[in-house]
Every structure is written in structure tokens, then in C-alpha cells.
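None of the values given here were measured: they were computed from a predicted structure. Each residue takes its place number in the sequence, starting with 1.
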Amino acid sequence: QVQLAESGGGLVQPGGSLTLSCIASGSIFRLDFMAWYRQAPGKERELVASINRLDITNYVDSVKGRFTVSRDSAKNAVYLQMNSLKVDDTAVYYCYAKGVLLTNLRSLELWGQGTLVTISS
């Protein structure tokens, strides 16, 4: 079974830092695109940061300069380093991956279960 497992959420004071991790497991041939989304209470899910196979990254404007997305292709992992955290960053963060299955070379699309990040003093 192919799945994503996230970790690293928690409670942090404003101005603090947190790193989220997401590891894909199962029969994966290749991951072409990995991303972090977040959904705050009462708001729609938004794309926070993404990274592709060429290590090209993209960020939503609100996190530019504060968040860094990176990946470890050998581990099928993606990370989100979050610095200078703000109360507005409070949300459930979801990992997303798109790639190719090893078993039949068909495309795969995965979502993690979500990890809660709370920024509060």
C-alpha cells in the first residue's frame, strides 16, 4: 500500500520555528512533484510550497522568505522548514505527492493525513 506519513506538527510561539516531514512508502517508482498544503479553520485548502523532480520550488507569497521546502529523493521524503512563524500560519498541514507506481508504472496521487500546526503565545 502506497501512503504518505507526516510528522512534526505542534504548538509553537510566534516567531518560532518548526520542521514538518513527510515520507512516502510503498511501491513507488518515482515522485515527480511533492507539496505542502494547509487548511486553516473556516478557510479553503491552499498550496503553501512545492518542489519537483528538478528541485524547482514555489511558495505562496505569504510564506516567501520564511518557509523552505526540500526533498530527499532517496527517501521519498519532503520537508518544510518553517521559520518566523505567525499566528496566521496556524492550520492543518497536508503533504501531497504525485508520481509513478513501481508495480504498473501508472500514475499515483497521494495525500497525507494532515498534521496540526498551532502558533500561539
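- Taking each heavy atom of G16 and V12 in turn, the nearest pair found is CA-CG1, 3.7 Å.
- Transitive grouping of hydrophobic side chains (ILVMFWY, heavy atoms separated by less than 4.5 Å) keeps V87 and L85 in distinct clusters.
- In summary, D89 and K86 do not engage in a salt bridge, as defined by a charged side-chain N under 4.0 Å from a carboxylate O.
- In the hydrophobic cluster analysis, where Ile, Leu, Val, Met, Phe, Trp and Tyr join through side-chain heavy atoms closer than 4.5 angstrom, L110 is grouped together with L101.
- When each of Y94, W111, Y93 is tested with Y37 by the rule ring pair (Phe, Tyr, Trp, His ring centres under 6.0 Å), just one qualifies, namely W111.
- Applying the salt bridge (charged side-chain N to carboxylate O under 4.0 Å, His left out) test to pairs two or more places apart or on separate chains, none has a residue in residues 95-117.
- The two atoms that bring M82 and V117 nearest to each other are CE-CG2, 4.0 Å, heavy atoms only.
- Y96 places no side-chain N or O within donor-acceptor distance of the main-chain N or O of S50, the cut-off being under 3.5 Å.
- In this structure, the separation between CZ on R38 and CG on L20 is 11.0 Å, given to the nearest 0.5 Å.
- In this structure, CD on Q3 lies 4.5 Å from OG on S25, to the nearest 0.5 angstrom.
- Sorted by first and then second residue, the salt bridge (charged side-chain N to carboxylate O under 4.0 Å, His left out) pairs involving residues 2-30 (not counting sequence neighbours) are R30-D32.
- A distance-only check finds a donor-acceptor pair linking the side chain of T90 to the backbone of I119 [under 3.5 Å].
- Note: the hydrophobic cluster containing V2 also contains M34 (ILVMFWY, side chain heavy atoms under 4.5 Å, direct or indirect links).
- Heavy atoms only, all atoms of each residue included: L116 and A91 are closest at CD1-O, 3.7 Å.
- With contacts defined as side-chain heavy-atom distances shorter than 4.5 Å, the pair T115/S7 does not qualify.
- Rounded to the nearest 0.5 Å, atoms CG (L31) and OG (S73) are 9.5 Å apart.
- Applying the salt bridge (charged side-chain N to carboxylate O under 4.0 Å, His left out) definition to pairs two or more places apart or across chains, those involving residues 69-84 are D55-R71.
- Scanning all heavy atoms of the two residues, the minimum distance from S17 to S84 falls at OG-N, 4.4 Å.
- Pairing each heavy atom of V69 with each of W36, the nearest pair is CG2-CD1, 4.1 Å.
- The hydrophobic clustering, which links ILVMFWY residues whose side-chain heavy atoms are closer than 4.5 Å, places V60 and V78 together.
- Side-chain atoms of Y79 and T68, non-hydrogen and from C-beta on, never get closer than 4.5 Å to each other.
- The shortest heavy-atom contact between C95 and L4 is O-CD1, 3.6 Å.
- To the nearest 0.5 Å, atom CZ of residue F67 and atom CD of residue Q81 are 9.5 Å apart.
- Both I51 and I28 are assigned to one and the same hydrophobic cluster, defined by single-linkage of ILVMFWY side chains at heavy-atom distances under 4.5 Å.
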